[in-house]
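Contents: one structure, followed by commentary.
Keep in mind that what you see is a predicted model, and the values were worked out from it rather than measured. Worth knowing before you read on, the calculation uses all heavy atoms, side chains too, and leaves out hydrogens, waters and symmetry mates.
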Amino acid sequence: MTEVHTTRLEGAASDWKCWQPGVLPAWAVTFLALGLSTVGLAVLDSQLSAYGNSLGLPWFGGSLILGLGLCGTMLVVARTRRSVRFLLVCVTIVLGTLAAMGLILLSGQDSLQSFDPSAPPLLGTSIAACAALGLSLVCFLPSVRRILARVLPMQPDDFVHAISIAWTVQVIGWVVLSFVPFNRPLLYAMYEANVESLASSETATLVSLSSTLVWSIPTALLAIGFPLTRNLGGALTRLGLGPVRWRGMSIGVGVGIGLAVFITVAEQWIVSLVAQTGLPMTEAELFEELASLPTSLVGAILLGLSAGISEELLVRGVLQPRLGIVLANLVFAMAHGLQYGADGLIVVFLLGLLFGVIRMRLGLAPAIMAHAVYDIVLVAAHQWAT
């Protein structure tokens, strides 16, 4: 009797991992869920308007990351469809050109409040913006891809890998160049130019983080080919989500606590050291107003879990196996480039390297645990200090 029972359980687990719905039903359900969440957020926004008027951000974030998931599905189709490959290259060129034009227009401005589109752009920014676009397009050349394949876990003849590198170069280039116009994170200038539209609250922050967490899960699955080329079990394996082992999770908890303690103790030393370089720095007061960090332990836990799961899924789960640890963590750091100065970006990059090593050695779950515990401890320490 015991052997029969065990066999049934293993068969059930196998059936669960083999689940692979059709592409159209999967996307239909996903967009239906996005529509329902949009309605829910609209209702929530009207009920909680007194707590801040930035609750529309969760819808924007959900739409953005679902767009990334759709791109992942299109990349899989592009392997066999030249028309899709051509479309994706055109999209890359158009988006890169628009970003370059925006950065050129902002160059030479004193602030967004006194923005003058007729002001002559800085020559340096124009050249750098065009160079960033050019570098991303160079990644499509087979000879360049063969060189990159020597240092990156990519296949030089695979279009999916080629366009992934091109998009990565663009993201890194645009965020770095966004510091040029005002010599500070762009979000600070946007905040000071229109305080009301970017004003947030703890409630809005937690709603936004929760929304990002929810939408990062289908995005991660869709971005790696589920359900087009992978069943659920194959997708989880590709993300690094294997059996949860207590040793790995314990190491994740220990690393998270250790990193939080180290950063708390060494924060002033890191800031003073980076300040000597003359690079743009994180402005603590503005950052706190923009971030609206939770003031309760429950809020700190929600923040840690939301950021830990969503960011690790998308960066260490989706990007790292394709781009390698260093390049994936450059993207991870640049994703924080609108709110952090050089000091914060350096810390984020180093943290990402450690999370990346944990993901490579122990799997994604311990990396999620380390990231979540780090955020929880750091936010709790901020609460205690204030």
Side-chain angles (χ1 to χ4, degrees), residues 17 20 65-79 88 136 139-140 144-172 215-245 248-249 251-252 255 307-335 348-372:
K17 290 183 178 180
Q20 190 172 3
I65 60 178
L66 276 178
L68 295 176
L70 175 59
C71 287
T73 304
M74 292 180 66
L75 285 176
V76 175
V77 176
R79 282 194 167 107
L88 289 173
S136 68
C139 295
F140 289 107
V144 174
R145 298 207 300 267
R146 284 193 289 270
I147 295 173
L148 293 175
R150 298 175 185 175
V151 294
L152 297 175
M154 64 175 290
Q155 300 174 13
D157 298 326
D158 193 331
F159 177 80
V160 172
H161 292 193
I163 201 165
S164 297
I165 297 296
W167 288 348
T168 298
V169 170
Q170 280 206 19
V171 169
I172 294 173
W215 290 116
S216 66
I217 297 172
T219 296
L221 293 172
L222 292 167
I224 59 172
F226 175 83
L228 195 62
T229 59
R230 286 187 171 95
N231 59 22
L232 185 57
L236 295 177
T237 300
R238 164 63 173 77
L239 290 171
L241 288 169
V244 177
R245 304 188 185 280
M249 300 301 280
I251 292 175
V255 170
I309 295 174
S310 61
E311 292 179 3
E312 294 306 307
L313 268 177
L314 298 176
V315 178
R316 254 64 65 177
V318 175
L319 296 182
Q320 183 169 305
R322 184 167 293 165
L323 302 178
I325 291 181
V326 175
L327 199 55
N329 281 293
L330 275 175
V331 176
F332 175 60
M334 291 303 103
V348 170
F349 178 74
L350 295 177
L351 291 173
L353 288 180
L354 290 174
F355 298 149
V357 171
I358 293 174
R359 185 259 188 258
M360 183 175 62
R361 299 291 185 183
L362 302 173
L364 186 62
I368 290 174
M369 180 60 71
H371 191 153

Any non-hydrogen side-chain atom of [X] less than 4.5 Å from a side-chain atom of [Y]?
X      : Y      : result
Glu312 : Phe355 : yes
Leu323 : Thr168 : yes
Leu88  : Leu75  : yes
Val169 : Cys139 : yes
Leu152 : Ile165 : yes
Pro366 : Ile251 : no
Asn329 : Leu350 : no
Val171 : Leu330 : no

Distance-minimising heavy-atom pair for [X] and [Y]:
X      : Y      : answer
Ala235 : Leu221 : CB-CD2, 3.9 Å
Ile358 : Ala367 : CG2-N, 3.6 Å
Val357 : Ile325 : N-CD1, 4.2 Å
Pro227 : Leu222 : CD-CD2, 4.2 Å
Pro321 : Pro153 : O-CG, 3.5 Å

For a side chain to side chain contact (heavy atoms under 4.5 Å, CB included) check, start with the C-alpha distance between Thr237 and Leu241, then their side-chain angles and the critical distance, and finish with the verdict. CA-CA 6 Å; Thr237 300; Leu241 288 169; over 6 Å; no

List in chain and number order the residues that pass side chain to side chain donor-acceptor pair (under 3.5 Å) with Ser136, two or more places apart in sequence or in another chain; answer none if no residue qualifies.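 Checked Ser136 against side chain to side chain donor-acceptor pair (under 3.5 Å); matches are Gln170.
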
Interatomic distance, [X] atom [atom1] to [Y] atom [atom2] [nearest 0.5 angstrom]:
X      : Y      : atom1 : atom2 : value
Ile217 : Ile309 : CD1   : CD1   : 6.5 Å
Arg146 : Leu148 : CZ    : CG    : 11.0 Å
Leu319 : Leu327 : CG    : CG    : 9.0 Å

Taking CZ in Arg245 as the centre, count heavy atoms belonging to other residues, nucleotides or ligands within less than 6.0 Å. Is the count above 12?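 No, CZ of Arg245 has 12 or fewer neighbouring heavy atoms, counting only those of other groups under 6.0 Å.
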
So Phe332 and His371, would you call those rings parallel, tilted or perpendicular, with 30° and 60° as cut-offs?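 Phe332 and His371: perpendicular rings.
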
Taking the side chain from [X] and the backbone from [Y], do they hold a donor-acceptor pair closer than 3.5 Å?
X      : Y      : result
Arg359 : Leu239 : yes
Arg230 : Ile224 : yes
Arg145 : Phe140 : yes
Arg238 : Gly317 : yes
Gln320 : Gly356 : yes
Asn231 : Gln20  : no

If we count only N and O atoms by modelled type, under 3.5 Å, do the side chains of His161 and Gln155 hold a donor and an acceptor together?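 No, because no side-chain N or O of His161 sits under 3.5 Å from a partner of the opposite role on Gln155.
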
